[in-house]
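So that the names make sense, note that chain A is the first sequence line, chain B the second, and so on, each numbered from 1.
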Amino acid sequence: MLYVAKRLAVSLLLIWVVATVVFMTLHMVPGDPAEVLLSTGGTSPDPYAVAELREKLGLDRPLLVQYAEFLERLTRFDLGNSLVDDYPVAEEIALRLPRTLELILAGTLIAVVIALPTATYAALHAGGAFDRAASATAAVLQALPVFVLGTLLILLLAQWLRWMPAGGYVPLAQDPGRHFLLLLLPAVAVAKGLAATVFRMARASVLDQLSRDHVRTARAKGLTQGRVMRRHVVRNAMIPVTTVLGLQMGTLLGGTVLVEYVFNWPGLSTPLLRAVEGRDYPMVVGIVLVVSGLFLLINLVMDLLYAVLDPRISRS
Amino acid sequence: MKRLLFPGALVASIVLVALAAPILGLPDPVRQDVSNRLAPYLPGSPLGRDEFGRDVLSRIIWGARASLGVAFTSALIAGIVGTLLGLIAGWFRGTVEFISVRIADVVLCFPPILLALLVVTLLGPGASTLILVLSILYLPGFVRVTYAEVLSAGRQDYVEAVRALGAPTPRILLRTVLPNIAGPVLVQFSLAVAAAVVVESGLSFLGLGVVPPTPSWGLMIRGARATMEQAPLYLLYPCLALTLTILSMNLLCDALRDAVDRKGGARAPRLRAVDRILPGLFPARDPAPLLEVQALTVEIATPSGPIRPVEDVAFTVRAGETLAIVGESGSGKSITATAVMGLLPPVAQVVAGIARFEGRDLLDLPEEERRKLRGGAIAMVFQDPMSSLNPVHRVGDQVAEAIRAHREVSAAAASQEAVDLLKRVGIADPERRARAYPHELSGGMRQRVMIAMAIANRPRLLIADEPTTALDVTVQAGILDLLAQLRRETGMGVILITHSLGVVAETAEEVVVMYAAQVVERGTVAEVFARPLHPYTRALLAAVPEGEAEPEGIPGVVPRPDSWPPGCRFAPRCSFATAACERPPLLEQAGERLVRCIRWKELA
């Protein structure tokens, strides 16, 4: 229990650190931030526009006041308004975050469901044909950038074979079948990197467990091979895998930006990219904060799961 | 090192081609020629022209320059700054340490691409922004690696020595510490370059990285997506180039990491079980012994040929009796027991012999039959109870699991029985202990749990492999008493593997002395202790003045299985050795006893 409380406190602290860093980035840029935001390709921006933006972002006030206000608004989930259309950033995120979350969840599920059994089987038959084939596949998948895979999937399955739609989105309530069909390819693309990493980690971890004394004890008890694997090999092997899973989520969250773009999935990626191109600073900050917060949250969950899996953590 | 060759050559050639781009006589990669838009092949353009009529081959090669240039530059910056920060943090500790390590860690709180997009929003896209972003992203990796290495290197003797000589700090850091952490830093560098190529191409693909018209693989894929219906090949070329580059870099990273780690050698191939030798008949005193092992030989395949850690071993265990197997480390006693249990690791194979248990040859049984015997009729207790218990399950559950592996009982009944068993092996407050995890128990208590697990299904044979070696001297006697008491109560046969003759004298009736994979003497404890026939047994006994102590005073160590003397294996350490000992001695009958020494009669 103490462990959970400690871990929660650390997470809150990290969220504060992330918010502070995001706040600071604007002010760490050399020169006037408003001028920097408005300048394109070396031309000096209109001084009137600069003054207006300064006021809009509150840049004319003392730094500490700005910081305090920024944190205070954060506690109310007020992320400011878009510079482009004055629409509240938090509302835009609230609309699109569930779709991104769905993609992440589906991708993680696919990755874990495919990678874990494959890795276990490969480790059990280490050096065999299956192991070599699976390890080689994982290496290739790891090298294949997520947007390359996405683009190639569209080329192959949508353009050439015409088995799948090339992308898009239909709300679940409107047409569940079509919704999941459209989810499939982007989810596979999101899953690939995670699947490759989890495979490699789980394979190594299972191999390591197989040589442990307690596995020999389990076999000496006369447990069936299946039970030895489930309770004494895979169960223990999952402990390091959860850590990797949490750390890999950062790459996965970045990957979803690319995947959503490739497949026209209307998650956070669309407003984010539009905002980066249009230098819509509050929108970018809002999305970066939310996604980083999500990343920290996932890692918190993974750490708690870790503690459940490994009794040596929380009790000692 | 061999593994480095192929990916290393691949990466080197990609880098070379990219570097040589200006002198390859390629067409201008940015010159547009709309009349030849999407031309599949033109003289001088073997891969055709893209959507603006630009030469595709030229763009791919110049694209490598852009991608690799950004990746190498940023990895280099991150490497230099990160390594310096890590060095300083690890060396000075204190506030400097806190600031540099924590600041680096903050970067790890962000998903990489999002941090990159945040910076791009502020500074606008372009190669210099990319280099800045990527340097920041890979900085923490270098700080962490260097920091950790400096912390461990700082404690090394050679660093202490240089420091004691009064060398100035920067000099120590650069001349002594840095070369020693070069390996991990190099690995980190290759990882950073590979990852930077991925992020650079991803951002360029989104149109937020390298600015057009500069050729870059990410941009090419972005451009070719629009025309993929008419010209799918233009999509495939940059995809292939990018994937191949990352793949070869990843392979190089793996190979580098393995070379730096130098842990875990290649796994030896499985050994083919050769035809089993027909075992010779052995005189038995009891018509129906519990376990009868004959001519047991185990082979392990190694890169330099097969070795035999157990050779032609034979012994008999009767119900209610304890047989001790003694010998120094490396004599093959544990492998003998593991072979009988059928728990040999895959690299080891029984190549000859039989192990007849209650009439059935264990070595010849199908795996499922053996499984039913393991933990059932034959149970085993191992040396180190900490590593032998699963750290993530409660000990009560682990005992209950042994029960349910062999009997159809409910989970609740098994749990209750587990508590009873814990009580029976002398654990106080068994209900509470059953819910404990192994790390919450003392060593002696853990071994009692192991014993409870072993006796859960009333085994008729218990194999205890050095059950007290890993324990405190004060609890050793308790464990041995428990084993003796259980044996009396249940009438099970016990094989006790130990290197302690004191233990043998107290607990066993029969003793097998093993040396270098072979049985050198066998007989009743009373006879062997009163009148040892083999010089090795004598030496072992002489090394135990009183009570329990490790055998010492025998010069030298047990030779390794790949370098056994051709004749008597003990001869090099034997004070009675003569020229005749260069011929291998046979195991001879000496009254009720067996001994493997050609001079036993003279020495007796």
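Residue contact with chain B, scored on non-hydrogen atoms closer than 4.5 Å, involves the backbone and the side chain of A/Leu155 alike. Only the backbone of A/Leu309 has a heavy atom closer than 4.5 Å to any heavy atom of chain B. Residue contact with chain A, scored on non-hydrogen atoms closer than 4.5 Å, involves the side chain of B/Met450 exclusively. Interface residue B/Leu208: only side-chain heavy atoms are found under 4.5 Å from chain A. Proximity to chain A (any heavy atom under 4.5 Å) is shown, for B/Arg404, by neither the backbone nor the side chain. Interface remark: A/Gln142 contributes backbone and side-chain atoms alike to the contact with chain B (heavy atom separation under 4.5 Å). The contact between B/Gln398 and chain A is made by backbone and side chain atoms together, counting heavy-atom distances below 4.5 Å. Residue A/Leu210 does not touch chain B at all, counting heavy-atom pairs closer than 4.5 Å. For chain A, no part of B/Pro345 is nearby; none of its heavy atoms comes within less than 4.5 Å. Contacts between B/Leu235 and chain A at a heavy-atom distance below 4.5 Å involve the side chain alone, from C-beta outward. When heavy atoms are compared at a cutoff of 4.5 Å, A/Leu149 does not approach chain B at all. Both the backbone and the side chain of A/Val262 come within less than 4.5 Å of a heavy atom of chain B. Proximity to chain A is limited to the side chain of B/Arg225, based on heavy atoms less than 4.5 angstrom apart. Using a 4.5 Å cut-off between heavy atoms, A/Phe295 touches chain B through its side chain atoms alone.
Between the side chain of B/Ser388 and the backbone N or O of A/His214, no donor-acceptor pair lies under 3.5 Å. Under a 3.5 Å cut-off, the side chain of B/Arg374 and the backbone N or O of A/Arg219 do form a donor-acceptor pair. Between the side chain of A/Lys221 and the main chain of B/Val399, no donor-acceptor pair closer than 3.5 Å is present. Of the possible polar contacts, one joining the B/His393 side chain to the A/Arg231 backbone as a donor-acceptor pair under 3.5 Å is found.
Put simply, the side chain of B/Leu242 reaches to within 4.5 Å of the side chain of A/Pro145, judged on heavy atoms. Side-chain contact between B/Phe382 and A/Asp213: absent, with no pair of heavy atoms (C-beta onward) separated by less than 4.5 Å. Residues B/Phe110 and A/Val22 are in side-chain contact: their nearest non-hydrogen atoms beyond the backbone lie under 4.5 Å apart. Residues B/Leu122 and A/Thr25 have side chains in contact (heavy-atom distance under 4.5 Å, counting atoms from C-beta outward). Between B/Cys109 and A/Val17, the closest side-chain pair of non-hydrogen atoms is not below 4.5 Å. A heavy-atom distance below 4.5 Å is not found between the side chains of A/Thr224 and B/Lys372.
Between A/His232 and B/Glu401, the side chains place a donor N or O and an acceptor N or O closer than 3.5 Å (distance only, hydrogens not considered).
What you find for A/Val288 and B/Leu114 is that their closest heavy atoms are CG2-O, 3.8 Å. The two residues B/Val120 and A/Arg279 come nearest to each other via the heavy atoms O-NE, 4.4 Å. Annotation for A/Gly222 and B/Ala405: closest pair O-CB, 4.0 Å, computed over non-hydrogen atoms. Residue A/Gly254 comes nearest to B/Pro111 through the heavy atom pair N-CB, 4.5 Å, listed as atom of the first residue, atom of the second, then distance.
Among B/Ile403, B/Asn250, B/Ile378, the residue with the largest count of heavy-atom pairs under 4.5 Å with chain A is B/Asn250. With chain B as partner, the option from A/Val148, A/Val146, A/Leu223, A/Val284 having the largest number of non-hydrogen pairs under 4.5 angstrom is A/Leu223.
Considering CG of A/Leu253 and CD1 of B/Ile113, their distance stands at 10.5 Å, rounded to 0.5 Å.
Taking the charged nitrogens against the carboxylate oxygens, A/Arg216 and B/Asp465 have no contact shorter than 4.0 Å, which rules out a salt bridge.
Around the CZ atom of B/Arg458, the shell of radius 6.0 Å holds no more than 12 heavy atoms that belong to other residues, nucleotides or ligands.
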